[in-house]
Amino acid sequence: MKPSPASERSLRLAPDGVSVLILDQTLLPHAVKTVRLRTLDQAAHAIRTMQVRGSNLIGVTAAYGLALALRVDPSDRGLDSAYAVLIETRPTAVNLRWALDLMREHLRGIPVARRIEAAYAKAAELLEDDVATNRAIGDHGLEIFRKLLAKRPPGEPLRVLTHCNAGRIATLDWGTATAPIYRAQQEGLPIHVWVSETRPRNQGAALTAWELGGRQVPHTLIADNAAGHLMQHGLVDVVIVGADRVTAQGDVANKIGTYLKALAAREHGIPFYVAFVGGSVDWNLLDGVRDIPIEQRSAREVTHITGMTAAGKRVEVRLAPEGTIARNDGFDVTPAKFITGLITERGVCRASAAGLARLFGRAAAQRR
Ligand code: MRU
């Protein structure tokens, strides 16, 4: 499997060379609709409302959001005020800040008259880098999968469990957690994926199942609560998830429910891997449980659910009694001690300060 053609990327520049085309992920899997972003506000809205989501894609969308903003005002003031709008869109995925910082630092060194062009070029570079880094994650993860597969009876598939969507559409291509899965498929290795539904927004059921189905990757959807049971019964060989923020000591924030899976995996001796790109590391933080900001989302996502009727109409229905108070933390933190290894574009390391510093260099690790 080659990376998808540029026309199939989860975000691409429109043929007009100005506006940006995204897939509206709030409508999946019921409708595949492309949306055109023409302004900073539209880019910010797309991130905020989760038309685009997933740490890597959020970062690249923000980069293009800055480019769109500079078309209106390329001055330092314009740059700073667009940065301020975009940085507020989602709090947990640090790739947002990473991409915005890279863009702003680069653009400040460019004369105002050439900034728009430079912003588009830099955003395109981030997009292509994301494809390449995810592909590299796929290669490193593939080696892990090969070793685990060697322990399975001949011909039996490797049974992989993933949570949320750290897939092609959470990135620009390949995905992070899904990259080794796609590489395994490409190499003809037998593989089966347990897709956990990921309440309350159901990114597993709506997005990962859609994405794997589209690529003919064998998979089975499970309720979030089923993962521990499957592990207990020897039906899971490896867990692999993505990340929204990784601290310098290897603690990982990812979609709510990830931590419980890590605990169950530890209890049952199942390897638990986290796949992410360097832009997901927050070198300023050590203790993820204490310091990673966790997005608080609308209670309505817990009390209600959206789906499609037999007649093909998208509807939202209430699950809980009217007036029920609900709490909706969007992410949780898995401490490094529960993680078997971190899979990055630079290779695989232990979830520790030393492991990350070995891959990314002391300079990055000392940025604090
Ligand atoms: O709230 P979301 O859908 O943006 O959360 C996405 C996740 O938690 C992913 O697992 C994570 O961003 C990794 S995607 C490369």
Side-chain angles (χ1 to χ4, degrees), residues 9-11 22-26 28 46-62 89-99 126-127 129-131 133-138 141 161-182 195-208 210-211 224 239-246 252-262 272-282 288 292-298 301-302 328-334 339 342-345:
R9 302 263 165 87
S10 50
L11 174 153
I22 57 159
L23 186 59
D24 183 348
Q25 298 192 27
T26 62
L28 291 174
I47 300 171
R48 205 178 294 117
T49 62
M50 296 178 67
Q51 285 179 315
V52 291
R53 29 73 45 205
S55 47
N56 303 30
L57 183 57
I58 289 170
V60 175
T61 307
T89 49
R90 293 210 55 199
T92 301
V94 78
N95 308 60
L96 175 69
R97 191 183 72 204
W98 171 81
L126 295 188
L127 186 161
D129 276 359
D130 192 68
V131 178
T133 48
N134 293 326
R135 157 81 208 215
I137 286 172
L161 188 145
T162 193
H163 186 58
C164 193
N165 174 265
R168 281 187 53 237
I169 58 172
T171 65
L172 278 301
D173 204 352
W174 292 100
T176 50
T178 55
I181 294 171
Y182 290 131
V195 177
S196 78
E197 62 179 343
T198 321
R199 278 284 291 151
R201 283 188 68 93
N202 298 300
Q203 287 95 329
L207 306 179
T208 304
W210 176 80
E211 176 179 324
D224 287 332
V239 181
I240 185 165
V241 296
D244 287 85
R245 192 180 298 224
V246 179
V252 169
N254 191 52
K255 183 52 55 192
I256 192 83
T258 302
Y259 173 49
L260 273 178
K261 286 173 177 64
F272 183 96
Y273 286 96
V274 183
F276 58 90
V277 295
S280 301
V281 184
D282 187 340
I292 295 180
I294 300 295
E295 179 173 9
Q296 297 297 312
R297 298 193 54 83
S298 161
E301 291 180 348
V302 179
N328 187 8
D329 296 74
F331 298 89
D332 61 28
V333 174
T334 301
I339 299 169
L342 304 176
I343 309 175
T344 78
E345 69 273 28

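In this text the structure is predicted, and so the values were computed from the model without any measurement. Whatever order the structure lists ligands and atoms in, that order sets their numbers, starting from 1.
Ligand 1 has a nitrogen or oxygen under 3.5 angstrom from a nitrogen or oxygen of Gly54. Distances between N or O atoms of Asn56 and those of ligand 1 include no value under 3.5 Å. Between Thr176 and ligand 1, no pair of N/O atoms sits closer than 3.5 Å.
A donor-acceptor pair under 3.5 Å links the side-chain atoms of Thr92 to the main chain of Pro293, judged by distance alone. A donor-acceptor pair is defined here as one N or O able to donate and one able to accept, closer than 3.5 Å; such a pair exists between the side chain of Ser55 and the backbone of Ala243. Using modelled atom types, one side-chain atom of Asn202 and one backbone atom of Pro200 make a donor-acceptor pair closer than 3.5 Å. A donor-acceptor contact shorter than 3.5 Å links the side chain of Thr198 to the backbone of Cys164. At distances below 3.5 Å, not a single donor-acceptor pair connects side-chain atoms of Asp130 with backbone N or O atoms of Leu126.
If you run side-chain hydrogen bond (donor to acceptor under 3.5 Å, both in side chains) between Asn165 and each of Lys255, Gln25, Glu211, Arg201, only Glu211 comes through. The side-chain hydrogen bond (donor to acceptor under 3.5 Å, both in side chains) with Asn328 is formed by just one residue from the set Glu295, Glu301, Arg199, Arg297; it is Glu301.
Using a 4.0 Å heavy-atom cutoff, Asn95 is absent from the residues neighbouring ligand 1. Within the structure, the closest approach of Cys164 to ligand 1 falls below 4.0 Å when heavy atoms are considered. For the pair Glu295 and ligand 1, no heavy-atom separation below 4.0 Å is found. Within the structure, ligand 1 has Arg90 among the residues with a heavy atom less than 4.0 angstrom away.
Only backbone heavy atoms of Asn165 (N, CA, C or O) come within less than 4.0 Å of ligand 1; its side chain stays farther off. Contacts of Phe331 with ligand 1, taken as heavy-atom pairs under 4.0 Å, involve the side chain alone. Contact annotation: for Ala243 versus ligand 1, heavy atoms closer than 4.0 Å belong to the backbone alone.
For Thr176 and Asn134, the side-chain atoms include no donor-acceptor pair closer than 3.5 Å.
Rounded to the nearest 0.5 Å, atoms CG (Leu207) and CZ (Arg53) are 5.5 Å apart. Taken from OG1 in Thr162 to CD in Gln203, the straight-line distance is 11.5 Å, to the nearest 0.5 Å. Taking CG from Asp224 and CD from Glu197, the interatomic distance works out to 4.5 Å, rounded to the nearest 0.5 Å. Summarising the geometry, atom CZ belonging to Arg168 is positioned 7.0 Å from atom CH2 belonging to Trp210; distances are rounded to the nearest 0.5 Å.
Using a 4.0 Å cut-off to heavy atoms of Ser55, the atoms of ligand 1 that qualify are 11 (C), 12 (O), 13 (C), 14 (S), 15 (C). Short contacts between ligand 1 and Met50, defined as distances under 4.0 Å to a heavy atom of the residue, involve ligand atoms 1 (O), 2 (P), 3 (O). Within ligand 1, the atoms closer than 4.0 Å to a non-hydrogen atom of Thr171 are 15 (C), numbered from 1 in the order shown. Those atoms of ligand 1 with a heavy atom of Ala166 less than 4.0 angstrom away are 10 (O), 13 (C), 14 (S). For ligand 1, the atoms closer than 4.0 angstrom to any heavy atom of Gln203 are 1 (O), 2 (P), 3 (O).
In terms of protein heavy-atom proximity, atom 8 (O) of ligand 1 is nearest to Asp244 OD1, 2.8 Å. Of all protein heavy atoms, the one closest to atom 10 (O) of ligand 1 is Asn254 OD1, 2.7 Å. Of the protein's heavy atoms, Arg53 NH2, 3.5 Å lies nearest to atom 6 (C) of ligand 1. When hydrogens are left out, the protein atom nearest atom 5 (O) of ligand 1 is Lys255 CE, 3.3 Å; that is the closest non-hydrogen contact.
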